[in-house]
Structures are given as C-alpha cells and as structure tokens.
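A short write-up of the structure that comes next.
First the proteins, then the strands, lettered A, B, ... as listed; each starts at 1.
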Number of protein chains: 2
Amino acid sequence: MSEQGEFAVSPSIGGRHREIPEASVARLPVYLRALSGLAEAGHVTVSSEGLASAAGVNSAKVRKDLSHLGSYGTRGVGYEVDELVHHISNALGLTQRWSVVLVGVGNLGHALAGYGGFATRGFRIAGLVDADPSRVGEQVAGLTVRGIDELSEVVRTGDVSIGVIATPAGAAQEVCDLLVEAGVTSILNFAPTVLQVPDGVDLRKVDLALELQILSFHENRKSGVPAAMSS
Amino acid sequence: MSEQGEFAVSPSIGGRHREIPEASVARLPVYLRALSGLAEAGHVTVSSEGLASAAGVNSAKVRKDLSHLGSYGTRGVGYEVDELVHHISNALGLTQRWSVVLVGVGNLGHALAGYGGFATRGFRIAGLVDADPSRVGEQVAGLTVRGIDELSEVVRTGDVSIGVIATPAGAAQEVCDLLVEAGVTSILNFAPTVLQVPDGVDLRKVDLALELQILSFHENRKSGVPAAMSS
DNA sequence: ACGCGTTCGTGAACGCATTCACAAAGTCGA
DNA sequence: TCGACTTTGTGAATGCGTTCACGAACGCGT
Ligand SMILES: NC(=O)c1ccc[n+]([C@@H]2O[C@H](COP(=O)([O-])OP(=O)(O)OC[C@H]3O[C@@H](n4cnc5c(N)ncnc54)[C@H](O)[C@@H]3O)[C@@H](O)[C@H]2O)c1
Ligand SMILES: NC(=O)c1ccc[n+]([C@@H]2O[C@H](COP(=O)([O-])OP(=O)(O)OC[C@H]3O[C@@H](n4cnc5c(N)ncnc54)[C@H](O)[C@@H]3O)[C@@H](O)[C@H]2O)c1
C-alpha cells in the first residue's frame, strides 16, 4: 500500500521509462510462482540468488528484471517475499480479476474448462461457447455451453477481455474475428494456425505440435549427426 | 535423397557451421504448416514473400531461416513447395517417427491422449502412464493405462525418447527424474513448475497460466496507466 | 542471344536480451 | 560507533536475432 509513493521518488523523475521488456514480463509469472513456494516454506526474505535458483534462471537476470519494477530490495538482505509478490502482481495486473471466454468446448476445451488453474490465478471463466448445436446447453464445469451466436452477448455482459480459442484450426480465424468484433482485446490460441489480429489486440499461442517438433529437432541432433557423413 | 550431395558442395567447406539458430528452429514447424496449406491450394512454388505472409512473419526472416538449411531456392522464382517440405522435415528429424510416453492421464492427459495431432505430425504415443491405481488398466484412446512402476519398461520396449508430463505440479519433478532415468532425452512439461534436468536432456514447457498472466499484463497496460496516478 | 524483371542469399547494421563486474548501500555483531 | 560482510542496482560488454539493402542468379519474352 505504498508503492505509489515509492514510484514518486524513483530516480530520474522526468524520464518516463516505465516500459518493462517483454522478456522480463514473461519471467515475472515464474518468479511469482517461485515466491509462492518460498512463502509457504516460511521464507520472509529472499536474495536474488535464492529466487534465481527457485525460478531456474541466473541471479543477474532476476535483479535486472526486478529493477524494472522499482527498487524494492534491501542491500545485504534481499527482497521481502510478500512485498515482491505484491509488486509483481501489481505489474502484471493481477490485482484485478480478468474474465475469459472459452470458444470450442471439445476435447481440449473440456480439459481447460475443468482446469483449476484459471480460478487460482485470478482468472474467471465468464462463458463457454461452441458452434455445435448438440453441445449447446451442456453443463461443463458448472457452466452452460452457449451458442456461438451468443458470443457477443457473453463478452459484453461478462466484461470479458480475454478470449481462448480451442476450436479446430479451420475455424480459428473466424472465431478470432468474432472475438475481436465482440470487443475482446487479448487472445490465447490453441489451434495450430497463424491468426491475424488488428493492432491493439494481443495474441499468444500454445502449440503442442510445434513444441514436439522442436524436441524432434534436438533428438535428431543427438542421435548422431545425420546428414554430415559425406566424404 | 540427394541433400547430402548438396551439403557436400556447400560454401566454405572447412567451416562446420551446420548449427541452426534456435529461433529459426522454432519457426520451421510454422513454415511446414504453411507449406502444407499452400500445397493443398495447388501452389507448386512459393516465394519467400508468399511463405512469409502465410506464416505470419516477414520475408527476410524466411530467407534467412531457410538459408540455414541450404540453398534450395531459385532466384527469380522462389522455392519448390514439395522440396521445401522435404528439407524442413529432414532438418527437424520428422522423417522418422518418434515415440512418446504420456505421464499423467487426468483431465489434460485425456485430451492429449485423444488428440489427433500427435499421429498426423508423425509422433506415436507408445504408452500412457499414471500413478493412480484406479486409473491403471483403463482404456484411453485405444491404449491401456499402465502403472508408473512400468514406466521404465514402456520407455525401453517402446523405444521412447520423448516424455510428456501432465501430472500435478507437485509430482512433476519426480516424474521427470523417472523419465530421465528410464532413458528419455526430451521432455515436454505441462505442469506449472520449474524442472531440473541433467545436461543432454532437452526440456520445453507449455504453461497456460503464464500465458494468461502475460496477456493480463498487456490488458493492464491498455486499460489506462494504472499505478501512475501519483502527485 | 540478350536484356528485363523477379527473387534469392547474405553481409552489414541495428536493437534487444543476457551476462559481467563492481560501486553503493545496507545489515549485523562486537 | 564502526568495520566486515552481504547483496542490490546498474553501467558496460557481449551475444543473439531481426531487419535492411543489394549483388548475384535465374526465367522469360522477344
Ligand atoms: N486435444 C488436445 O490435446 C489438443 C492439444 C493441442 C492442440 N489442440 C488443438 O485444439 C483445438 C481443439 O482440439 P480438440 O481436440 O478439443 O478438438 P475437438 O474437435 O474435440 O473440439 C473442437 C470444438 O470446437 C467446436 N467448434 C468448431 N467450430 C467452431 C466454431 N466456428 N465456433 C465455435 N466452436 C466451434 C466444435 O463443435 C468442438 O466442440 C484444435 O485446433 C487442436 O488442434 C488440441
Ligand atoms: N487441465 C488443463 O486444462 C490444464 C491446463 C494447463 C495446465 N495443466 C496442468 O497439467 C497438469 C495436469 O492437469 P490435470 O487437470 O489433468 O490434473 P488431474 O489431477 O486431472 O490429472 C493429473 C493426473 O496425474 C496423475 N498423477 C499424479 N501423480 C502422479 C505421479 N507421480 N506419476 C504419474 N501420474 C501421476 C494423477 O493420478 C492424475 O491422473 C497439472 O499440472 C495442471 O496444472 C492442466
């Protein structure tokens, strides 16, 4: 409850460099999880070294990343765990609860809908939507599946800003367009397709096949150099 | 069946720079998918520009990436789609079929087991493993769930090199250790934990909560600057 | 045969991210 | 109070990835 004051006295008052590098942003959730573990284990403070090993990175990276949030460490001691959790949560916008709509309640969609990780991380599933008439009305994870024609209404009434796409690849762009039109400004795509979104809409993807193929590449490397047996 | 000859006459024979940058490797699967679409649409050749727009990147990146595989383009024309598919598949090691063991057949594990994307991308699920005795013996996606004590045997007899972890976070490191001990050299982790693996084992992760939190950060940015209302 | 238009392949420039390394700033025991 | 010790915060150095920009190579029409 004092970080605004801290910000006010931050160095170089004129310089507005509140930009946190994307690579740092991607690590903040990892730190957050590591800190939860440390807090449960009874740690009150943690050094950059300690947090680094818990998060699987090196300590210089931790310090640089955290420095983008402000100067919340104490030299000779480290960081106070609770305070750091608070600041990271704040930077990530996790102090408020974001609402999510999940489109495509099939094989994967069912697993996602039933996944406890949404709620525990502060995300609320505001609605489940599917195009298959035989799925509409079905109860999944305590929610009723709605028709795709109700998407816009779900987004509006549920104050939804994040859309999750778990439809087949062929339908993903169409669904994406509908989500954007309905007012969603962040999309997480599980379908193996490249999606186009207008400026102002953030898009991230989770791609199982891609991950496996990257592993395949490294497996291939490991199993003796394959195409270098010439001459 | 002629790329070894091609490699042999590659420029700077003494310099052994067959290393493909990790960032390029991560895009090759995307190109592969884009090329499949182009092939279906009847394209025989494609320019770097055409492939770039299909893959959602810019053309300089495409050319640079493909140049790491060799010189398979024709100036003034572009790349032959079929040939490129072949070379990328080869570079990724997709000419052979990799076997996968899936550990943790719960909510998410069921979805993964039933996912057609494994087979169509050339990956074979050699076994499903779970620690819950009440799950062992269950039929899932045409396979019988085996006990965790059988993991080593499944890996050995199935010639498994890739392990997928879909257990709760608390069990992930233990499962990871078992996989490594059994001889698995690549691991894809769905549990929200940092895993430790020895050198020589590749580890990748898919982290839903992390993705959502990154989106949350950007949502937060968009909805007016939040913590800058001081003074 | 030849020139024109197209597109690749790649060196060079640039920018972002990581790592190094150390002065500054704090704690803590005596 | 003070000095030894710990750890942060950050400039500088380095490394990696992206983008630029253009010469070289090729197809094609004439
Ligand atoms: N199952 C997995 O483990 C897994 C893993 C990785 C990626 N994926 C990807 O996730 C997506 C979903 O996979 P799945 O196994 O759940 O498939 P699925 O076929 O079981 O489910 C797809 C659902 O989307 C619905 N749908 C289709 N078109 C729609 C539209 N226009 N609007 C709204 N809903 C629509 C269908 O009715 C169906 O319920 C696919 O793109 C798949 O490649 C799945
Ligand atoms: N469900 C989702 O959509 C989703 C999404 C993202 C991430 N995840 C993560 O994936 C993991 C699995 O999620 P879930 O929803 O399927 O959970 P779940 O509880 O439904 O399934 C976990 C399974 O793992 C088995 N298991 C537990 N300990 C084991 C061990 N030592 N060895 C082998 N098997 C063991 C359990 O018996 C169970 O069948 C979790 O870490 C979760 O955070 C799930």
Can you tell which of [options] lies closest to the side chain of [X]?
X     : options                : result
A/A23 : C/dT18, C/dT27, D/dT18 : C/dT18
A/S47 : C/dT27, D/dT7, D/dC26  : D/dT7
A/A60 : C/dG9, D/dT18, C/dC20  : C/dC20
A/R75 : C/dA21, C/dG26, D/dG27 : C/dG26

Protein-nucleotide distance ([X], atom [atom1]; [N], atom [atom2]), rounded to Å:
X     : N      : atom1 : atom2 : value
A/E49 : C/dT19 : CD    : C1'   : 13 Å
B/E80 : C/dC8  : CD    : C1'   : 15 Å
A/H68 : C/dC16 : NE2   : C1'   : 11 Å
B/L51 : C/dT6  : CG    : C1'   : 17 Å
A/E22 : D/dC16 : CD    : P     : 21 Å
B/Y72 : D/dA25 : OH    : P     : 19 Å

Establish, with yes or no, whether the OP1 or OP2 oxygen of [N] is under 4.0 angstrom from a side-chain nitrogen or oxygen of [X].
X     : N      : result
A/S48 : D/dT7  : no
A/K64 : D/dT10 : no
A/Y79 : D/dG9  : yes
B/K61 : D/dG17 : no
A/R63 : D/dG11 : no

Over 12 foreign heavy atoms within 6.0 Å of CD, B/E83: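 Check passes, neighbour count above 12.
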B/L210 versus B/K205, closest heavy-atom pair with distance: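 Shortest heavy-atom separation between B/L210 and B/K205 comes out as CD1-CE, 4.2 Å.
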Just distance, no hydrogens or angles: give the donor-acceptor pairs under 3.5 Å from side chains in residues 48-55 of chain A, sequence neighbours left out.
| residue | atom | partner | partner atom | Å |
| --- | --- | --- | --- | --- |
| A/S48 | OG | A/R63 | NH1 | 3.0 |
| A/E49 | OE1 | A/S59 | OG | 3.4 |
| A/S53 | OG | A/G50 | O | 3.3 |

Less than 4.0 Å between a side-chain N and a carboxylate O, is that true for B/R27 and B/E22? no
Holding to salt bridge (Lys or Arg N to Asp or Glu O under 4.0 Å), I want the full list of residues that pass it with A/E211, two or more places apart in sequence or in another chain.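 Expected list: B/R204.
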